[in-house]
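See structure below.
Letters A, B, ... mirror the listed sequences (proteins, then strands); counts begin at 1. As the structure is a computational prediction, the values presented were derived from the model and not from experiment.
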2 protein chains.
Amino acid sequence: MPAKPRAASSAPPDNRRADLVRVAARLFREKGFDGTTIRDIAHAVGMRSGSPFYHFANKHELLMAVMEEGLPAAERLRRLVRTHYGILHDTGSDFIPVMLYDWRSLPAQYKRRIIELKDRYDAIWQRTLDELHAQGLLRADAKLARLMILGAINFSATWYRAKSRSANRVGLDELAAQTIALVLHTP
Amino acid sequence: MPAKPRAASSAPPDNRRADLVRVAARLFREKGFDGTTIRDIAHAVGMRSGSPFYHFANKHELLMAVMEEGLPAAERLRRLVRTHYGILHDTGSDFIPVMLYDWRSLPAQYKRRIIELKDRYDAIWQRTLDELHAQGLLRADAKLARLMILGAINFSATWYRAKSRSANRVGLDELAAQTIALVLHTP
DNA sequence: CCTACCGATCGGTAGG
DNA sequence: CCTACCGATCGGTAGG
């Protein structure tokens, strides 16, 4: 197990490790884990074939480092999705369904204020989705993805019934999980 | 290039090739193309390591055979999605939006007839999604996937404007393609 | 479809 | 972080 490289120097510190993680992420996405060799990764950052093992004990530890970078954004999306389902279906909150379906009846003056709130909410989603897209976990255009995902969730107001009904015996946790499964391209 | 095996026999004909394709599909899904060896595939159907090359010139031809089996269902979904967007937004057809949003105003008697039509339509989607799910191209539960995908498309009635507007400068072909990209886990 | 095998590549290591 | 290298595995082939 290697300790820190050079002790005291003014030159670039050890972003070499970060370089490896970033390049590995790109190559794993392009060619898959097994399709990418340590040699590919090493040469892409200007190292020789054996050198990455100075930073990582083996290839799988490199994969772990890559995946750990992707987890925060995925977890954030999971929470956004779950929360939105919750707003829609939990505790008989009728506010959102009304907003979704009787939106047109609102005078322009009030509409503007609602739009402002909605824009702020959308921005949170967009940041998360942009990040996931950059990491290759979201295959569609991030902006359209936001519209489609929120559309899918919002439309559940049409068919989801929390307690009653037949085949809809799905909890909100499960529903959120399935939405993520549908939409997130995790390897 | 091999010709047909045995000439005239009553025993099982050459489903050996089909066996290879089916098993390869499963293993490629589980472990990826590069993570699956010809030896894995051969042994899984009770052959020795070199024998698959009697049926396929090389490993990539096996991959091609697997993918060709997945294409029909994916293409069918692509058409369903594109057609549904078309119904929603093309040629100023207001029928579907009205049905989506003023559904409640319909007396039960008429509702039943509409439901019957809708059930038939849903069944077409369901068959396609079931198939894609079985092939690992759809990661969510197939029934929920149908609800979510149709939800995402239907909700576009809320934000998509064919000709006017600013950022929505997306054609229906592009929109359909992005929906597929979001939802289908193609390698 | 099997036996026996080859050349190439890959993950990983020793020693500096 | 480099040089030099090893053992194992893999895709593919010859000959039957």
Could you point out which residue of A/Lys118, A/Gln126, A/Arg120 forms a side-chain hydrogen bond (donor to acceptor under 3.5 Å, both in side chains) with A/Asp122?
A/Lys118

Hey, is A/Arg113 close enough to A/Glu116 for a salt bridge, meaning N to O under 4.0 Å?
no

Within the pair A/Arg16 and D/dC1, is there a side-chain N or O less than 4.0 Å away from OP1 or OP2?
yes

Identify which nucleotide among D/dG11, D/dC2, C/dT3 has an atom closest to any side-chain atom of A/Arg48, counting heavy atoms from C-beta outward.
D/dC2

If we call it a pair only when both distances are under 3.5 Å in a Watson-Crick or G-U wobble match, what pairs with C/dC1?
D/dG16

Value in whole Å for how far the P atom of D/dA8 lies from NZ of A/Lys59:
19 Å

Can you tell me the distance, in whole Å, between the CZ atom of B/Phe56 and the P atom of D/dC10?
20 Å

Measure from CG on B/Asp19 to C1' on C/dC1 and round the result to the nearest Å.
14 Å

Which of these nucleotides, D/dT13, C/dG12, C/dC1, is closest to any side-chain atom of A/Phe53?
C/dG12

Just compare D/dG12, D/dC2, C/dT13 and give me whichever is closest to any side-chain atom of B/Ser49.
D/dG12

Under 4.5 Å between side-chain heavy atoms, hopping through other hydrophobics if needed: is there a path connecting A/Leu184 to A/Leu71?
no

Counting only side-chain heavy atoms from C-beta out, which of C/dG12, D/dG12, D/dC1 sits nearest to A/Met47?
D/dC1

Starting from P on D/dG11, measure out to NE2 on B/His43 and report it in whole angstrom.
12 Å

Base, sugar-phosphate or nothing for A/Thr37? Non-hydrogen atoms, less than 4.0 Å.
sugar-phosphate

Output the rounded distance in Å from NZ (B/Lys31) to P (D/dC10).
9 Å

Tell me which nucleotide among C/dC1, D/dG11, C/dG11 gets nearest to the side chain of B/Ile38.
D/dG11

What is the distance, rounded to the nearest whole Å, between atom CD1 of B/Ile41 and atom P of C/dC1?
14 Å

Atom CZ of B/Arg39 and atom P of C/dC5: how far apart are they, to the nearest Å?
14 Å

What's the closest nucleotide to the side chain of B/Tyr54 if the choices are D/dG11, C/dC1, D/dC2?
C/dC1

Taking the side chain of B/Ser51 as its heavy atoms from C-beta onward, which of D/dC2, C/dC1, D/dG12 lies nearest to it?
C/dC1

Pair B/Arg127 + B/Asp130, salt bridge at N-O below 4.0 Å
no

Taking atom OG of A/Ser156 and atom CG of A/Leu88, what is their separation to the nearest 0.5 Å?
4.5 Å

B/Glu61 atom CD is separated from D/dG12 atom C1', nearest whole Å, by 13 Å

